[in-house]
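As structure tokens, the structure follows; a few thoughts come after it.
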Amino acid sequence: MTGLLEVDAVDAHYGDFQALYGLSVSLDEGETLAVIGANGAGKSTLLKTIAGLVRPTSGEIRFAGERIDGVSAHRRVTQGVALTPEGRRIFPSLTVEENLLVGSYGQRPGPWNLQSVYDLFPLVSDRRARMGGHLSGGEQQAAAIGRALMSNPRLLMLDEVSLGLAPVVVGEIYQALPQITGRGTTVLLVEQDLGHALAVADRVQCLLEGRTVLEGPVADISRQQVADAYFGL
Ligand code: ATP
């Protein structure tokens, strides 16, 4: 496997508040990394920093061998970086299909288009003409992932897929992940639902107050180690 993403000693601030402290993350092409941690650990900030929505105050980010920390967020999409944000951010007054088409802006060549997204998520296909604001939470989450896929990303970042959704819906969405990684997309997911995250990830990295407290292959780390790191024990 070759290195796709290299986050190197990144600090991030919101005004005077420091959210990330010299954080490093590396991700190989084709790998799935789960970033876990309690509320406020810095998980969303990490994803936003990689997507270009938060600017690091020090450190470097390299993607596919190129430095991207000075590149605009929309340019990063065209380079292959996509984020499904926490809260989904589906446009309520656009139809589901229009929401998906928004995601195809700056599309790279690849396997994802309206038809393949509909095949992946039949629940989105069934709602294609419905307004985004009239979807259930699970439908919105699936549509938001579909919208991110429409750019044909090399790296798909998912922020808290399971948040606020019924377990059965979370299960349906997680079932789609192997089909996404199976088409060559690298996945970085942030989760508080450890069960699902650890079931799909190759590696796990646990954050606490903006720093890494545990990382390694899922197969080599016990649930107890994860739980201890999560709670800062
Ligand atoms: P959560 O699961 O609650 O989203 P998280 O691990 O994703 O947690 P972040 O959202 O990255 O954590 O937040 C990290 C820290 O930065 C928190 O202390 C949070 O209060 C703070 N923070 C996040 N966004 C802002 C902001 N826009 N302005 C000020 N502080 C912020």
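Atoms within each ligand, like the ligands themselves, are counted from 1 in listed order. Both backbone and side-chain heavy atoms feed into the values below; hydrogens, waters and symmetry mates do not.
- Ligand 1 has a nitrogen or oxygen under 3.5 angstrom from a nitrogen or oxygen of Gly42.
- Ligand-side atoms of ligand 1 in range of Thr45: 9 (P), 11 (O), 13 (O), 14 (C), range being under 4.0 angstrom from any heavy atom.
- Under 4.0 Å from ligand 1, the heavy atoms of Gln192 that appear belong solely to its side chain.
- In this structure, the side chains of Pro217 and Asp202 stay at 4.5 Å or more apart for every pair of heavy atoms.
- Proximity of Lys48 to ligand 1 is not established, as no heavy-atom distance is less than 4.0 Å.
- Residue contact check: Ala38 has heavy atoms under 4.0 Å from atoms 6 (O) of ligand 1.
- Both cation-pi conditions hold for Arg128 and Tyr118: the charged atom is under 6.0 angstrom from the six-membered ring centre and inside a 45 degree cone around its axis.
- Considering backbone and side-chain N/O of Ala19, none are found under 3.5 Å from N/O of ligand 1.
- Protein heavy atom closest to atom 3 (O) of ligand 1, with residue, atom name and distance, is Asn39 OD1, 3.2 Å.
- Close approach of ligand 1 to Ala41 (heavy-atom distance below 4.0 Å) involves ligand atoms 5 (P), 6 (O), 12 (O).
- Every atom of ligand 1 with a heavy atom of Glu160 under 4.0 Å away is listed here by number and element: 2 (O).
- Distance check on atom 20 (O) of ligand 1: every protein heavy atom falls at or beyond the 4.0 Å cut-off.
- Listed by number with element, the atoms of ligand 1 under 4.0 angstrom from any heavy atom of Glu86 are 4 (O).
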